[in-house]
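What you see below is based on every heavy atom in this structure, not just the backbone, and it leaves out hydrogens, waters and symmetry mates.
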Amino acid sequence: MSGMGLLVISDPLDRLDPAVDTTLGIVSAAVARGHRVRACGPADLAIVDGAAVARTYDVRRGDTRWTRLEDADAVLLRPEPPVDRRYLDATLVLDRVDRARTLMVNDPRGVRIANEKLWALEHPDLGPPTLVTASAELIADFVGRHQECVIKPIDGFSGHGVLRLGDHDPNAASIIELSTDGGRRQVVVQPWLERVRDGNKRLFVHDGEPVAAALRFPVENGDFRVGMPARIVEIDDRDREICDRLRPGLRDLGLFLVGLDVIDGLLIEVNVTSSGALRECDRLLGSTLCADFVDLMEDTTQGRSS
């Protein structure tokens with residue numbers, strides 16, 4: 001297929017890091033194929049006479065004009081999280097786009113439903129024991145049973161606000177108070193998985209199918225959060241089992257580009273907003289994940305137009 005029309009809704013492209021940003025990786029791969037790529041930010045979206053439109057610019061020529069979103073073959077919704085008011089407002093405008101005509105990556109309805117920290121609980125047996133609460137009492141009881149835990153905000157991203165919490169930590173009460181905003185905000189609490197030292201696996205899932213996997217490890221300065229992809233690994237039977245279980249839900253919600261985080265065979269998160277690490281793997285490990293994803297969009301949009 002040639003001449004696919006792609007609209008990218010993201011933070012300003014010139015402010016993104018070309019070495020690691022997946023959005024730029026996909027845009028670069030699409031431009032290299034000769035596709036028409038336009039871009040805009042969430043605030044550039046509007047509804048006019050019932051139709052979703054946007055003030056967009058051509059990423060090569062820079063010309064700016066108003067564009068009907070349904071005129072695009074595919075729309076990439078790629079603002080950086082969190083899924084805040086700005087993000088949610090953009091998804092509501094994008095609800096006006098006809099999915100039968102335009103591939104949405106990812107579908108705004110699916111983004112609203114599939115919280116990255118909580119949607120995995122649709123299949124609780126795939127992941128570790130998980131507590132979601134604002135109650136200091138429940139958190140203390142959970143930590144007492146599991147001894148060492150991780151506590152994180154429901155709307156967190158890129159490791160922001162993730163803390164370790166031990167049963168005998170003298171700062172435990174303060175950590176719980178800060179994390180829950182004094183009992184006013186729910187958090188996610190899970191047991192600390194010691195085998196994260198063996199790697200946090202990022203599964204790249206495109207249209208419900210696992211296409212690659214990469215290991216990331218805690219950074220070397222003592223920070224327990226993971227760093228850049230270190231190596232590509234085989235997709236194993238447990239990975240396929242997880243994807244088989246999630247596939248119907250992912251497809252039903254239109255979650256076309258997804259990253260799964262798996263530690264020791266346990267599903268930790270389902271990344272559906274700004275699912276990253278494709279570009280990092282391509283640069284660091286020599287993969288072609290961004291170009292492969294453009295291939296998939298070409299095939300999918302061609303099937304819709306034929």
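Under the 3.5 Å distance criterion, the side-chain polar atoms of Asp299 are left unmatched by any main-chain donor or acceptor of Leu296. Checking side-chain atoms of Thr288 against main-chain N and O of Ala291 turns up no donor-acceptor pair under 3.5 Å. Of the possible donor and acceptor atoms, one in the side chain of Asn115 sits under 3.5 Å from a partner among the backbone N and O of Leu118. Put simply, the side chain of Thr67 never gets that close to the backbone of Leu69: no donor and acceptor are under 3.5 Å apart. Asp73 contributes no side-chain N or O that, together with a main-chain N or O of Met4, makes up a donor-acceptor pair within less than 3.5 Å. For the pair Asp107 (side chain) and Met104 (backbone), a donor-acceptor distance under 3.5 Å is absent. Put simply, the side chain of Ser28 never gets that close to the backbone of Gly25: no donor and acceptor are under 3.5 Å apart. The backbone N or O of Asp98 sits less than 3.5 Å from a side-chain atom of Glu70, completing a donor-acceptor pair.
By the side-chain contact (heavy atoms from CB on, under 4.5 Å) test, Arg240 is found to be paired with Ile235, Asp237, residues two or more places apart in sequence or in another chain being considered. Looking at residues two or more places apart in sequence or on another chain, you find no side chain to side chain donor-acceptor pair (under 3.5 Å) involving Asp252.
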Contacts under 3.5 angstrom, residues 185-192 side chains, donor-acceptor by atom type, not counting sequence neighbours:
{"residue": "Arg185", "atom": "NE", "partner": "Ser179", "partner atom": "O", "Å": "3.3"}
{"residue": "Arg185", "atom": "NH2", "partner": "Ser179", "partner atom": "O", "Å": "2.9"}
{"residue": "Gln190", "atom": "OE1", "partner": "Lys152", "partner atom": "NZ", "Å": "3.3"}
{"residue": "Gln190", "atom": "NE2", "partner": "Thr130", "partner atom": "OG1", "Å": "3.0"}
{"residue": "Trp192", "atom": "NE1", "partner": "Glu194", "partner atom": "OE1", "Å": "2.8"}

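Heavy atoms of other residues, nucleotides or ligands lying less than 6.0 angstrom from CZ of Arg96 number 12 at most. The number of heavy-atom neighbours closer than 6.0 Å to CZ of Arg231, taken from other residues, nucleotides and ligands shown, is 12 or below.
Salt-bridge formation is not detected for the pair Glu122/Arg245: no Lys NZ or Arg NE/NH1/NH2 atom is positioned less than 4.0 Å from an Asp or Glu carboxylate oxygen. A salt bridge is defined here as a Lys NZ or Arg NE, NH1 or NH2 lying under 4.0 Å from an Asp or Glu carboxylate O, and Arg184 with Asp181 meets this definition. At a threshold of 4.0 Å, the pair Arg202-Asp261 counts as salt-bridged, since one of the basic side-chain nitrogens sits closer than that to a carboxylate oxygen. A salt bridge does not link Asp95 to Arg109: none of the charged nitrogens lies less than 4.0 Å from a carboxylate oxygen. Looking at Arg15 and Asp11, no side-chain N of the basic residue comes within less than 4.0 Å of a carboxylate O on the acidic one, giving no salt bridge. A salt bridge is defined here as a Lys NZ or Arg NE, NH1 or NH2 lying under 4.0 Å from an Asp or Glu carboxylate O, and Asp58 with Arg36 fails to meet this definition.
Judged as a salt bridge (Lys or Arg N to Asp or Glu O under 4.0 Å), not a single pair has a partner in residues 274-292 (not counting sequence neighbours).
Val233 belongs to a hydrophobic cluster whose other members, connected by ILVMFWY side-chain contacts under 4.5 Å either directly or through intermediates, are Leu215, Phe217. Other members of a hydrophobic cluster containing Leu178 are absent, since no ILVMFWY side chain comes under 4.5 Å of it, directly or through relayed contacts.
Cluster membership for Ile175 and Leu131, using ILVMFWY side-chain heavy atoms within less than 4.5 angstrom, is shared. Hydrophobic clustering (ILVMFWY, side-chain heavy atoms < 4.5 Å, transitive): Leu13 and Val294 are in one cluster. Hydrophobic cluster membership is shared by Tyr87 and Val75, with clusters built from Ile, Leu, Val, Met, Phe, Trp and Tyr side chains linked at under 4.5 angstrom. Val105 and Leu24 fall within a single hydrophobic cluster, where Ile, Leu, Val, Met, Phe, Trp and Tyr side chains are chained together by heavy-atom contacts under 4.5 Å. In the hydrophobic cluster analysis, where Ile, Leu, Val, Met, Phe, Trp and Tyr join through side-chain heavy atoms closer than 4.5 angstrom, Leu94 is grouped apart from Trp66.
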Inset, instruction - Please assess Arg55 against Asp44 for the test salt bridge (charged side-chain N to carboxylate O under 4.0 Å, His left out), listing each intermediate value before the final yes or no. - result: CA-CA 5 Å; Arg55 186 169 178 81; Asp44 296 311; over 6 Å; no
Inset, instruction - Starting from the C-alpha separation in whole Å, work towards a yes-or-no answer on side chain to side chain contact (heavy atoms under 4.5 Å, CB included) for Leu250 and Trp119. - result: CA-CA 10 Å; Leu250 294 175; Trp119 191 70; 3.6 Å; yes
Inset, instruction - Apply salt bridge (charged side-chain N to carboxylate O under 4.0 Å, His left out) to Glu209 and Arg251, showing your working. - result: CA-CA 10 Å; Glu209 300 291 342; Arg251 288 180 171 171; 3.3 Å; yes
Inset, instruction - Begin with the C-alpha distance, continue with both residues' side-chain angles, and end with the deciding distance and a verdict on side chain to side chain contact (heavy atoms under 4.5 Å, CB included) for Asp264 and Asp198. - result: CA-CA 8 Å; Asp264 193 21; Asp198 298 328; over 6 Å; no
Legend entry - Candidate pair Ile151 and Ile139, rule side chain to side chain contact (heavy atoms under 4.5 Å, CB included), full reasoning: CA-CA 9 Å; Ile151 185 169; Ile139 295 172; 4.2 Å; yes
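We find the CG-CD1 distance between Leu76 and Ile9 to be 8.5 Å, quoted to the nearest 0.5 Å. Rounding to the nearest 0.5 Å gives a distance of 5.5 Å between CZ of Arg65 and OG1 of Thr56. The line from CZ of Arg112 to OG1 of Thr273 is 14.0 Å long, rounded to the nearest 0.5 Å. Phe142 contributes atom CZ, which lies 10.5 Å from atom CG of Leu165 (distance to the nearest 0.5 angstrom). Here Asn271 contributes atom CG and Phe204 contributes atom CZ; the two are 10.0 Å apart, rounded to the nearest 0.5 Å. Rounded to the nearest 0.5 angstrom, Ser274 OG and Phe157 CZ are separated by 9.5 Å.
Between Arg216 and Met228, the closest side-chain pair of non-hydrogen atoms is not below 4.5 Å. Put simply, the side chain of Arg33 reaches to within 4.5 Å of the side chain of Asp295, judged on heavy atoms.
In this structure, Phe293 has its ring center closer than 6.0 angstrom to the ring center of His206.
No side-chain donor-acceptor contact under 3.5 Å links Arg78 and Ser10.
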